[in-house]
2 protein chains.
Amino acid sequence: MARPNRATKPNTIDAVAEAAGVSTMTVSRVMRGKDNVSDRTRDRVLETARKLGYIHNRLASSLASSRSEQIAVIIPSLRNSVFPEVLAGITDTLDGTGFQAVIGVTDYDLERERDLVVSMMSWRPAGMIITNSTHHEEVDRILTAANFPIVEVMELTGSPIDMCVGLDHFAAGRTMAQHLIGRGYRRFGYLGTDHETDRAAATRFAGFEKSLSENDRSIEAVLTVKEPSGIGLGRNNMRSLLAMSSDLDVVYFSNDAVAAGAMMYCMAEGIAVPGDIALASFSGLEIAGAMPTPITTVSSPRYNMGTTSADLILARVEGRATKTITEAKFELSIGAST
Amino acid sequence: MARPNRATKPNTIDAVAEAAGVSTMTVSRVMRGKDNVSDRTRDRVLETARKLGYIHNRLASSLASSRSEQIAVIIPSLRNSVFPEVLAGITDTLDGTGFQAVIGVTDYDLERERDLVVSMMSWRPAGMIITNSTHHEEVDRILTAANFPIVEVMELTGSPIDMCVGLDHFAAGRTMAQHLIGRGYRRFGYLGTDHETDRAAATRFAGFEKSLSENDRSIEAVLTVKEPSGIGLGRNNMRSLLAMSSDLDVVYFSNDAVAAGAMMYCMAEGIAVPGDIALASFSGLEIAGAMPTPITTVSSPRYNMGTTSADLILARVEGRATKTITEAKFELSIGAST
DNA sequence: GTGAAAGCGCTAACAC
DNA sequence: GTGTTAGCGCTTTCAC
């Protein structure tokens with residue numbers, strides 16, 4: 001840009017400074033809400049800026065101060081309502097702080113996650129919130145070396161990159177198994193999403209299975225389907241699961257959306273729940289409780305995990321020490337489906 | 001901290017340039033994928049950058065080139081699955097282009113929308129996608145003066161700020177009214193979200209009502225509820241609506257989530273659909289089709305509106321001319337609930 | 001194909 | 001309280 005800079009450019013603090021008859025620095029202070037400016041000067045600057053339609057340039061600001069106000073958020077999907085709910089917790093918490101969430105969606109693809117992390121880092125974010133705790137190895141390497149706060153959210157892990165806000169999914173699976181065993185169910189089935197992509201569901205399944213085996217029970221029919229998690233998955237695959245074993249008395253699902261779909265299949269087919277078969281799940285989505293026969297599930301505090309993650313990032317940005325590992329608590333919600 | 005002894009800062013193109021034995025400019029060209037660099041030089045630079053763990057600084061890049069790769073996206077809510085779906089269309093389209101979505105959530109608050117727009121603009125985005133077509137007056141003013149492409153998505157409007165990708169919600173309401181009239185229904189009820197906040201629903205309602213009145217019919221019971229749109233709204237308020245008029249034979253809902261909740265209420269109460277009462281709605285969510293009695297609805301191409309919006313922005317950024325107004329087509333999906 | 005110089009618009013650090 | 005001086009890390013322009 002070897003251009004002579006004669007006339008002051010519009011939409012810069014220089015233009016505002018000139019029009020208000022103060023120095024660039026004074027405008028800069030006003031724009032950033034610093035208090036070491038007299039009220040008279042501040043009002044004049046603000047008024048001038050408004051008249052000129054000036055909008056502060058955070059690109060230049062961040063570069064000069066090496067301080068950004070963007071928080072990178074990486075989630076696997078927007079179609080599974082669980083993640084938008086976490087995101088809502090994050091954006092609600094960030095609201096009014098001057099920080100903004102920049103979101104990236106991996107579609108459960110670790111390569112894509114790696115690319116996104118690199119791409120996000122090129123904006124020099126103030127922090128990062130990343131879903132789940134299994135990453136591309138390069139991501140682990142890059143983030144371990146990064147110099148901003150990082151929260152891994154959803155799954156509890158003992159060895160986070162930096163901080164972790166998550167649920168013990170293994171325990172969630174166990175809890176449901178124990179509930180079902182206590183109810184006297186003996187013939188178990190499982191229907192869910194693909195365990196390669198949905199690691200948290202896989203962990204719940206492992207906890208569920210472990211608890212069964214400790215009680216001399218096992219799962220007779222397991223069906224995991226490589227299609228997006230949702231009502232459709234349950235609605236369309238329940239028939240196949242039931243065909244795998246003739247006398248299941250209870251089915252555990254990877255999450256409430258799948259369970260709700262299966263429940264609809266049962267209603268449509270005249271299969272009584274829990275009379276003919278009981279259904280149990282995980283999530284605590286609105287739909288689980290709204291069904292004519294509310295579904296027994298383990299509720300996870302999705303929104304709260306979002307707010308907690310954002311709070312931890314903010315605390316760290318402001319120099320406050322924060323807890324490294326925060327365990328989110330789940331809750332067994334006993335419906336009428338078991 | 002292992003730091004190089006030289007004056008050159010780590011993690012800058014200067015550091016890479018020095019290590020690779022080329023000039024800053026050459027590294028810059030390589031990082032941006034310019035082709036006027038010899039293959040040998042390019043490989044050497046890339047290898048050096050990789051070894052140094054260098055990550056390009058887009059803050060500095062955008063400032064120097066006054067060219068950003070962020071697309072601001074402003075939506076009312078993350079809890080109504082309609083918006084995450086639009087967002088999914090946007091992020092999927094942006095994927096691989098180098099552009100990223102920066103999202104802001106207004107919570108249906110116009111003041112908050114104004115603040116968000118200003119905040120977003122301070123990042124000098126390459127474009128903006130904003131939901132709905134009714135804005136804070138200041139937003140209209142600011143965006144009209146803005147020098148980047150803007151898409152207003154969801155509602156069709158004849159006078160967009162810049163571009164528009166939307167549905168004719170009035171026509172969607174009419175279409176459903178005509179279907180119901182054709183089916184012979186005579187006593188209409190309506191249950192939905194607050195019309196002050198959900199403008200699109202209000203427009204559908206207006207179209208619905210207009211069509212009824214043109215056919216000498218009217219709505220006997222209208223209940224709009226100031227709570228977040230969702231299954232719960234329908235589940236919890238259907239009883240009240242039915243109590244308002246003793247012999248409704250059909251109810252129209254503001255969207256499928258509400259309709260699904262009402263359907264669950266009916267199932268729980270043993271009210272036959274469509275025997276005792278018919279239900280009709282708008283959205284085309286998965287849940288509407290998955291119910292034991294699929295709900296008659298008008299499907300809107302949410303995901304496609306997202307992809308189209310992003311495509312328009314990208315086209316404009318690349319200097320291609322684009323259509324200003326794009327009408328998205330809806331489709332009547334006749335279920336078994338009418 | 002490559003490099004040197006001059007900014008992009010702002011803020012840190014210090015002076016007054 | 002307010003102004004001055006140097007950059008932040010990159011890209012533009014133009015020279016070779």
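All heavy atoms count here, side chains included; hydrogens, waters and symmetry mates do not. Naming: A, B, ... by sequence-line order, numbering from 1 per chain.
Between the side chain of Asp107(B) and the backbone N or O of Asp109(B) there is no donor-acceptor pair closer than 3.5 Å. Here the side chain of Thr307(B) pairs a donor or acceptor atom with the backbone of Asn304(B) at under 3.5 angstrom.
To the nearest angstrom, P of dA12(C) lies 11 Å from CD1 of Ile13(A). Following rounding to the nearest Å, Ile55(B) (CD1) and dG9(D) (C1') show an atom-to-atom distance of 15 Å. In this structure, Arg124(A) places its CZ atom 21 Å from P of dC10(C), rounding to the nearest Å. Between the P atom of dT2(D) and the CD atom of Glu18(A) lies a distance of 18 Å, rounded to the nearest Å. Rounded to whole Å, the distance from CE on Met31(B) to C1' on dG9(D) is 13 Å. Rounded to a whole Å, the CG atom of Leu63(A) is 11 Å from the P atom of dT11(C). Taking atom CZ on Arg32(B) and atom P on dT13(D), their separation rounds to 11 Å, with Å as the unit. Between the P atom of dG7(D) and the NZ atom of Lys9(B) lies a distance of 9 Å, rounded to the nearest Å.
Within 3.5 Å, a donor on the side chain of Arg29(A) pairs with an acceptor on the base of dG3(D), or the reverse. A donor N or O paired with an acceptor N or O is not found under 3.5 Å between the base of dG9(C) and the side-chain atoms of Arg58(A).
Map Pro10(A) and Arg67(A) each onto its nearest nucleotide of DNA chain C; the residue landing nearer the 5' end is Pro10(A). Nearest-nucleotide positions on DNA chain C place Val22(B) closer to the 5' end than the other of Ala60(A) and Val22(B).
In this structure, the side chains of Ile74(B) and Ile103(B) stay at 4.5 Å or more apart for every pair of heavy atoms.
Here dC8(D) is the nucleotide among dC8(D), dT2(D), dG7(C) with the atom lying nearest to any side-chain atom of Ala64(A). Side chain of Met25(A), nearest nucleotide from dG1(C), dC10(C), dG3(D): dG3(D). Closest contact between the side chain of Ser61(A) and the listed nucleotides dT11(C), dT12(D), dT11(D) involves dT11(C). Residue Thr12(B) places its side chain closer to dG9(D) than to any other of dG3(C), dG9(D), dA12(C). For Thr26(B), the side-chain atoms get nearest to dT2(C) when compared with the rest of dT2(C), dT11(C), dT2(D).
Nearest approach of Ser133(A) to Glu152(A), heavy atoms of both residues: CA-OE2, 3.5 Å.
The side chain of Ser28(B) contributes no N or O atom lying less than 4.0 Å from OP1 or OP2 of dC10(D). Taking side-chain N and O atoms only, Ser65(B) has no distance below 4.0 Å to OP1 or OP2 of dC8(C).
Residue-level contact check: Asn36(B) touches the bases, meaning some heavy atom is under 4.0 Å from a base atom. If you check every strand for non-hydrogen atoms under 4.0 Å, Thr24(A) touches a base. Ser62(B) comes within contact range of no nucleotide atom at all, as no heavy-atom separation falls under 4.0 Å.
Ser61(B) and Arg67(B) are not linked by any side-chain donor-acceptor pair at a separation below 3.5 angstrom, with hydrogens and angles left out of the test.
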Candidate pair Val86(A) and Ile75(A), rule side-chain contact (heavy atoms from CB on, under 4.5 Å), full reasoning: CA-CA 9 Å; Val86(A) 175; Ile75(A) 58 177; 5.9 Å; no
